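As the structure is a computational prediction, the values presented were derived from the model and not from experiment. Numbered from 1 within each chain, the chains take letters A, B, ... in sequence-line order.
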Amino acid sequence: MQISINNFTKTFDGTPVIDDMNLTIRDGEMLALLGPSGCGKSTTLFTISGIHRMDKGQLMFGDRDVSGLPSQKRNVGVVFQNYALYPHMNVFENIAFPLTVRKDNKADIDREVRAIAALTHISELLERRPGQLSGGQQQRVALARALVRKPDVLLLDEPLANLDAKLRLEMRSEIRRIQLETGITAVLVTHDQVEAMSMCDRIAIMKKGEIVQIDTPADMYSNPRTSFVAGFLGNPPISFLSGIAMENSFSVAPIKLRVPLGAHEGIADGTQLKLGVRPEHFGPEGDIAVEGKIAFAETQGRENLYDVALADGSVLRSIQPAGRNWALGDTVRWFIDSKSAFVFSDDGRRL
Amino acid sequence: MTRNFAAWPIILLLTVLSLPLFIMYLFLLVDTFSNTAPGSLLPNEFTLEHWRFLIDPTITGDVWKPTLTTVIFSASLMIIVVSVSATAGYALSRLALPFRRFVLSGIMVMHAFPSVTLIIGVFLVLQFAGLYNSLTGVILVKASLMLPFGIWIMKGFYDAVPWEIEMAGVQDGASRFTVWRRIILPQVKPGLLSLALFAFIDGWSEYMLPRILAPSSDFEVLSMYLNTVSDPNSSTYNFNIFKSVGLFYTLPVLALFVLFQNRLMNIFGGGTKG
């Protein structure tokens, strides 16, 4: 079901958290709300669920205006960060709870619970209590409970935050698989860009209560609208150089660096600019030479990660396949791939 | 548990310190089942005659009627305190009530007040309401004096239940009342159980309130009955019978303590583990 939020405004104790936000989540898509803490992503999630009320604005589930409805009448499934399983009930009772509240008959409940348990691969755990389950299993139960009454939308609040690294990888693909199999519209809140990029159809990046950009993961990575978005996506992160416009080039005078601005002609000389270079676009191959010293080297197995300190003190990050290794302190003359670099104005707008 | 020091010096110290109490209780027990010759310290014959009061009402008056009254008194107290605390504690912990802070500090103040200081006011209220000299009146007064403690304890238990569990229930389509009854209440069961025990034991041992607020009524609780038995000027005075009645009166409390001592202790833990 398509979810749309129109002109949504929310204030907590006089502090505006969300200001006039518009967002449409398409039917059957999984959308990530990505942003640093305090950006209003959880507020948005809990507003869709009905736990928070809108101060202003409208929330539509399909054609139905649910802005004024309490949580109970919204048919929304939520997976909380700590799973919020009911500790005194076993797994079966936990999953069945939404159905028993609805007073379905016993045979139906039994069938539905077993079907959803099979989907989430927890059929053999139905007799256990939440305390006897591992984190990943608890997560599956929470998912099953959220999905069992076929909600219009599934909301996931930092679902992987409480899992260890290996389980996180496993649950990442599991949640995506279950979402695709059920075809449910889903919203995922996370501060982890890897989660957002790997699990979702589209990402909405939020900052200070506003949606900065909404796009598919690939488009957002290759075409960020602001330096904030560019800095948030990508691991290892992008590095920025500060400079000025000079004769249709980005220029850092002290190190005699000049990167042609190509398509962005007509920028007045002397305008303050920022150049964003992703680590994969800086290395032994490219077109614009930069000299620097390796200030940090990290072995990651398949790849090595280097920080190269330039003469003026700024740092460019680089990621290189393992094999040819540079040591800390080596002086290198590497190249920026000027076509892949992003040019931002001083206030962060992409040019 | 690992031991960082030897346990026996502490056990020895505790034994020495509790010896006087232990000896007193031992003699209490022994004396109810035996006779001791005048001037002697040790008993010289076994007898059950001091327990005859259980079946023979002519000795000290019927003991079963006060016992029943005490059970009714303690049980009603328990029911009132538990049901009011369970609901009020939840409301204070979770609902955005007007004057919530005021009510909370009010409860704190009430909790700090010794009940004796309120007795004149309570007397006037009872007199006005026509409940003076009645069991109902005493139960209501005792319950209301216990409620600040009960509500405060239950609020602590509710506070320890994660907010998300409640929200998950609401999200699953349940009303707030259903969530409270089916999800939250089971989480605070240890608190309810210990509060119920406390209320019962407190009611069982209450002497002052029935004595002051229902002095001339036709009902008697066990503590008042014991007081009658212990009157040395009465014609039926017998020190060993007094001891037997005392033991009879203490037994249920002892039994409850032995059975539930772990539960009773966790009331002061604030219910961190559900």
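With a threshold of 4.5 angstrom between heavy atoms, A:L85 approaches chain B through N, CA, C or O but not through any side-chain atom.
Atom OH of B:Y25 has 12 or fewer neighbouring heavy atoms from other residues, nucleotides or ligands inside a 6.0 Å radius.
Comparing A:V79, A:L99, A:N75, A:T100 by how many heavy-atom pairs each has under 4.5 Å with chain B, the most go to A:T100.
Of all heavy-atom pairs between A:M89 and B:R182, the closest is CE-O, 3.8 Å.
Remark: A:Y83 OH to B:E164 CD distance equals 12.0 Å, nearest 0.5 Å.
The stretch residues 165-181 of chain B places B:I165, B:M167, B:A168, B:G169, B:V170, B:Q171, B:D172, B:G173, B:A174, B:S175, B:R176 near chain A, each with some heavy atom under 4.5 Å from a heavy atom of that chain. Proximity to chain B among residues 101-112 of chain A is limited to A:V101, judged by heavy-atom separations below 4.5 angstrom. Interface residues of residues 82-105 of chain B toward chain A, defined by a heavy-atom distance below 4.5 Å: none.
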Review item, side-chain donor-acceptor pairs of residues 56-64 of chain A, under 3.5 Å, at least two apart:
residue: A:Q58; atom: OE1; partner: A:N6; partner atom: ND2; Å: 3.3
residue: A:Q58; atom: NE2; partner: A:D65; partner atom: OD2; Å: 3.2

